[in-house]
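For reference, the structure is listed below as structure tokens.
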2 protein chains.
Amino acid sequence: MLFLPYLLNQAAEESSINFKQQYKDRYGMLRTEWRVLFHLGYFGDKTAREICDMSKMHKTKVSRAVSALETRRFLTRERQEADRRSEILRLTKSGQAAYKDLSSIAESYDQKISAELTEQENQVLREVLLKIAKL
Amino acid sequence: MLFLPYLLNQAAEESSINFKQQYKDRYGMLRTEWRVLFHLGYFGDKTAREICDMSKMHKTKVSRAVSALETRRFLTRERQEADRRSEILRLTKSGQAAYKDLSSIAESYDQKISAELTEQENQVLREVLLKIAKL
DNA sequence: GCTTGTTAGTTACAAAATCAACTAATATTT
DNA sequence: AAATATTAGTTGATTTTGTAACTAACAAGC
């Protein structure tokens, strides 16, 4: 009996290990920082809270990643007048450039994996992972 | 475009978050320790090196997890005469008991996830994850 | 309006992971 | 067989994460 969380974890690790080197070497980013950058690049402007909810990352991780990205001028914060506790996070030009650069690399890794699977396997896999992630 | 490593990671995180509480509360174990215990329980006696290769964990993580498990008398080490650098790790009775206890809990979590998927989805998912993990 | 409670986000401190340097045993080269 | 390289595993220093306590803004109850 090989448990699903075990298999998921092994597959997740294996599939991301090479990519890690990319954001680390090219931009000196941590995984948390790449994930925040990705969320903003992919889903558009968001508050830290929203990123927490979507990514399931802890708020302290997000807070630190946001600070790091801000320091490197990859994003800006804009206090909301409606609720002055939260701030909208927005990628700068260079943040967007980094996102595009990295996501195109990610995509090619992704395609390398997808190429090993059948059409049906690809489709089922993505559906099921989404389902599990939302459980 | 939602990348596979991203989806895998979200699903892995979501599926293991509840179980973490179990090995932590019941045995005061870390994730690394549970993983080593699991490997020995499931695959039988192994050296630290073999566990590193199979689990893709870093050797310092494994080394420290093994020490912790040894201290708690969950495993013993046996120097190999053939190659006196490495030692075979073997679960003790209480190590085996902990493995059985935890893996039965893991199994029930697992079944809860599986119940949300169709027969076909379950089968494809496991096959594909194995394929990706070994790529 | 003033407690009381909740939420967004940060910070300090403790726990754990990573990295580099190390020992000891074995393998390889010359 | 002596010198060099490699491998298994450990240890210490640094970095990153997790936990808990905090500030500041808002919301609800009274």
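Chain naming here is simple, since letters A, B, ... match the order of the sequence lines and numbering starts at 1 in each. Basis for what follows: all heavy atoms, side chains included, without hydrogens, waters or symmetry-related copies. Quantities reported herein were computed from a predicted structural model and do not represent experimental measurements.
Comparing B/Lys61 and A/Glu50 by the nucleotide of DNA chain C that holds the closest heavy atom to each, the one mapping nearer the 5' end is A/Glu50. Checking A/Arg31 against A/Gln80, the closest nucleotide of DNA chain D that is more toward the 5' end is the one next to A/Arg31.
Within the 4.0 angstrom heavy-atom criterion, only backbone atoms of the sugar-phosphate kind lie near A/Ser86; the bases stay farther away. Counting any heavy atom pair closer than 4.0 Å across all strands shown, B/Arg77 reaches sugar-phosphate atoms only and no base atom. Here A/Lys20 lies out of heavy-atom contact (under 4.0 Å) with every strand. Within the nucleic acid shown, B/Ser67 has no heavy atom closer than 4.0 Å to any nucleic acid atom. Within 4.0 Å of A/Arg79, counting heavy atoms only, lies no atom of the nucleic acid at all.
The existence of a salt bridge linking A/Glu116 and B/Lys131 is excluded, since no basic side-chain nitrogen approaches an acidic carboxylate oxygen closer than 4.0 Å. Taking 4.0 Å as the cut-off between side-chain N and carboxylate O, A/Arg77 and A/Asp45 do not count as a salt-bridged pair. The existence of a salt bridge linking A/Lys134 and A/Asp53 is excluded, since no basic side-chain nitrogen approaches an acidic carboxylate oxygen closer than 4.0 Å.
Between A/Thr60 and the phosphate of D/dG18, there is no side-chain N or O to OP1/OP2 separation shorter than 4.0 Å. Here A/Arg85 does not reach the OP1 or OP2 of D/dA24: none of its side-chain N or O atoms lies under 4.0 Å away. Put simply, B/Lys59 has no side-chain N or O that comes within less than 4.0 Å of OP1 or OP2 on D/dA8. Side-chain nitrogen and oxygen atoms of B/Arg49 include none within less than 4.0 Å of the OP1 or OP2 phosphate oxygen of D/dT6.
Of all nucleotides in DNA chain C, those with any atom nearer than 4.0 Å to a heavy atom of chain B start and finish, going 5' to 3', at C/dA16 to C/dT26.
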Could you walk me through whether A/Lys56 and B/Glu14 pass the salt bridge (Lys or Arg N to Asp or Glu O under 4.0 Å) check? CA-CA 8 Å; A/Lys56 306 266 167 77; B/Glu14 180 61 33; 3.1 Å; yes
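For B/Glu87 and D/dA8, the CD to P distance is 13 Å, given to the nearest whole Å. Rounded to a whole Å, the CZ atom of A/Arg35 is 17 Å from the P atom of D/dT16.
No side-chain heavy atom of B/Glu78 sits less than 4.5 Å from a side-chain heavy atom of B/Leu89.
For A/Arg64 against D/dG18, a side-chain-to-base donor-acceptor contact under 3.5 Å is present.
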